[in-house]
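To start, the structure itself, in structure tokens.
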Amino acid sequence: MFDKILIANRGEIALRVERACKELGVATVAVHSTADADAMHVRLADESVCIGGPPSKESYLNIPSIVAACEITGADAVHPGYGFLAENARFAEILEEHDITFIGPTAEHVRLMGDKIVAKDTARSLGIPVVPGSGPVASIEDARGFARDIGYPVIVKASAGGGGRGMKLALDESQLEPALQTARNEARAAFGDDTVYLEKYLTRPRHIEVQVLADGQGNAIHLGERDCSLQRRHQKLWEEAPSPALNASERARIGETVATAMRELRYRGVGTVEFLYEDGQFYFIEMNTRLQVEHTITEMITGLDLVIEQIRIAAGAPLSLRQEDVRFNGHAIECRINAENPVTFRPSPGTITHFHPPGGLGVRVDSGAYAGYTIPPYYDSLIGKLIVHARTRNECLMRLKRALGEFVVDGIETTIPLFNALIGEADIVDGNYDIHWLEKHLAKQGKRGP
Ligand code: MV4
């Protein structure tokens with residue numbers, strides 16, 4: 001096991017990783033920007049190092065500073081959390097060159113899944129069902145040929161993209177050339193790579209992702225799925241496990257397919273295989289090679305600590321359980337508490353005057369927020385996650401309503417009122433929603449006026 005882990009992140013996820021380290025008896029090093037000197041992740045770590053100025057590029061993305069912080073403190077491993085450097089293959093390589101363990105997959109697997117065309121080809125070759133689509137598009141003539149084969153509507157995606165950046169829809173052939181041009185230009189500007197590909201556009205899918213855990217020694221298991229369809233502009237707001245749309249046999253089948261593929265790939269660490277799900281069919285879109293924000297709901301229904309598992313695997317341990325040892329228990333929902341106006345979603349940084357998180361049976365709050373804390377304007381607006389767990393989905397919804405009612409965050413605006421409204425919606429209670437539901441709902445609310 002490691003002696004000391006440096007956590008190359010901030011906010012609730014840095015705190016989450018510190019908790020796992022403490023339970024493993026491993027010392028922790030927090031790094032922080034000058035804007036985060038008062039942050040809870042810094043206070044709760046054994047040691048801390050200031051690594052640069054407020055902009056992420058100067059601090060949380062500053063690889064030389066982070067490596068120097070490891071050398072100064074003698075950290076023998078780095079946990080990247082999510083975002084920032086979590087899917088930067090070069091970062092993983094640089095750490096290894098300094099004899100520091102990157103707590104995550106091999107740089108090779110991070111790079112493989114970072115290229116969305118290669119990721120899809122790999123998934124297909126491993127027996128995972130993928131969305132019908134093309135390879136790299138060479139020209140508009142090439143695109144027209146592909147689109148006629150696939151059938152309209154088609155979506156143009158950036159191979160270096162992911163998470164919804166650089167996508168353009170073409171409903172018919174007249175829209176293909178402008179979609180291709182725009183997608184290429186946006187991809188070149190955003191990623192310095194204008195490689196794009198086409199896919200059949202699915203009109204009303206759900207976003208369902210499968211959690212995997214593997215040890216790089218040929219063992220891999222799945223921990224079920226999460227339904228992340230409730231999102232706005234590719235920002236997930238509400239996630240639940242299991243998905244209200246799947247039955248046990250569909251779950252076991254897609255889970256086994258993914259676990260078998262990860263075994264063949266000799267994948268190591270935690271991973272999430274993302275699917276669109278429509279008319280009873282799964283279609284692979286991407287794989288994330290990091291711990292995700294919403295890993296907590298999988299933890300609640302499996303009783304496993306995914307961060308502890310990640311650290312043990314990175315230290316060379318084989319998987320501590322087999323697929324038949326995984327027991328799915330009850331239902332969990334996560335609500336992302338963002339420092340944002342709940343109607344306009346405008347960021348609302350500032351000082352929290354009162355902070356009272358809910359508690360009681362089946363309620364978990366992962367947050368670095370506290371009364372008197374000032375949320376800096378430089379980073380994303382996630383200030384905490386409310387996670388509730390209960391035996392059934394209905395009990396989970398009632399518990400969520402109760403917990404939201406207890407939650408006090410004063411001094412700033414948060415997304416809490418949005419969740420209070422959502423639990424009163426028939427479609428939410430019925431689990432009847434797709435990836436467009438929330439945006440349509442918000443548009444309707446907007447027309448009714450505030
Ligand atoms: C799609 C799609 C429909 N058809 N691909 C957006 C994020 C990126 N990971 C993939 N995305 C989509 N890909 C095909 N072939 C619709 C989306 C999409 C979406 C996917 C998941 C969650 C929310 C979404 C919101 C809008 C569009």
Side-chain angles (χ1 to χ4, degrees), residues 82-83 86-87 113-124 128-137 143 146-147 149-172 175-176 179-180 182-183 186-187 190-191 195-211 225-241 243-246 254 271-290 292-294 334 336 345 431 433-443:
Y82 51 68
E87 289 174 294
M113 294 303 170
D115 182 317
K116 305 306 164 187
I117 295 175
V118 175
K120 266 187 87 178
D121 286 344
T122 305
R124 190 187 300 104
I128 297 175
V130 303
V131 195
S134 76
V137 172
F146 278 133
D149 292 343
I150 300 166
Y152 287 91
V154 297
I155 187 163
V156 188
K157 295 186 177 183
S159 194
R165 293 172 308 166
M167 301 188 334
K168 282 287 163 293
L169 183 60
L171 296 175
D172 56 45
Q175 297 183 348
L176 188 60
L180 184 66
T182 312
E186 288 185 8
F191 317 114
T195 310
V196 297
Y197 61 106
L198 300 189
E199 273 181 0
K200 173 86 187 165
Y201 180 71
L202 304 177
T203 53
R204 282 162 54 193
R206 299 178 78 112
H207 176 133
I208 295 179
E209 56 185 34
V210 176
Q211 178 70 56
E225 83 288 0
R226 299 182 286 258
D227 196 317
C228 306
S229 301
L230 289 171
Q231 57 82 41
R232 176 186 175 272
R233 298 193 182 170
H234 306 296
Q235 293 295 314
K236 296 167 185 169
L237 281 156
W238 162 306
E239 301 103 343
E240 57 183 300
S243 169
L246 297 192
I254 194 65
T272 300
V273 180
E274 294 190 355
F275 293 95
L276 297 178
Y277 175 81
E278 193 174 73
D279 300 329
Q281 299 291 319
F282 284 95
Y283 303 93
F284 172 94
I285 44 171
E286 292 171 24
M287 177 171 178
N288 302 318
T289 55
R290 60 167 192 276
Q292 299 209 201
V293 176
E294 61 274 22
E334 173 178 280
R336 296 196 190 189
F345 296 92
Y433 56 80
D434 60 33
I435 62 170
H436 304 297
W437 189 94
L438 184 58
E439 288 177 359
K440 281 188 206 153
H441 171 79
L442 293 168

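No hydrogens, no waters, no symmetry mates; every other heavy atom, side chains included, goes into these values. Along the sequence shown, residues are numbered consecutively beginning with 1. Indexing begins at 1, ligand by ligand and atom by atom, following the structure's order.
Of all protein heavy atoms, the one closest to atom 9 (N) of ligand 1 is E286 OE2, 3.0 Å. Of the protein's non-hydrogen atoms, L276 CD1, 3.5 Å is the one closest to atom 2 (C) of ligand 1. Scanning the protein heavy atoms around atom 24 (C) of ligand 1, the nearest turns out to be I435 CD1, 3.6 Å. M167 SD, 3.5 Å is the protein heavy atom nearest to atom 11 (N) of ligand 1. From the protein, the heavy atom lying nearest to atom 26 (C) of ligand 1 is H234 CE1, 3.5 Å.
Under a 3.5 Å cut-off, the side chain of E87 and the backbone N or O of T289 do form a donor-acceptor pair.
For R124 and F284, the positive end is not near the middle of the six-membered ring at less than 6.0 Å and at most 45° from its axis.
Checked options R290, E294, R226; the residue passing with T272 is R226 (criterion: side-chain hydrogen bond (donor to acceptor under 3.5 Å, both in side chains)).
Checked against a 3.5 angstrom limit, the closest N/O atoms of L202 and ligand 1 fall inside it.
Residues Y277 and F282 bring their aromatic ring centres within 6.0 Å.
Of all atoms in ligand 1, numbered sequentially from 1 with element shown, those under 4.0 Å from a heavy atom of I285 are 9 (N), 10 (C).
Under 4.0 angstrom from ligand 1, there are no non-hydrogen atoms of T203. At a heavy-atom distance under 4.0 Å, only backbone atoms of K200 (N, CA, C or O) approach ligand 1.
Under 4.0 Å is where a charged nitrogen must lie from a carboxylate oxygen, and between E239 and R336 at least one such pair does.
Taking the six-membered ring where tryptophan is involved, the planes of Y201 and H436 are tilted, since the angle between them lies from 30° to 60°.
Of the listed options Q231, H207, K116, H207 places a heavy atom closest to atom 21 (C) of ligand 1. Atom 1 (C) of ligand 1 has its nearest heavy-atom neighbour, among K157, R233, E439, in K157.
The neighbour count for R204 CZ, taken as heavy atoms of other residues, nucleotides or ligands under 6.0 Å away, does not exceed 12.
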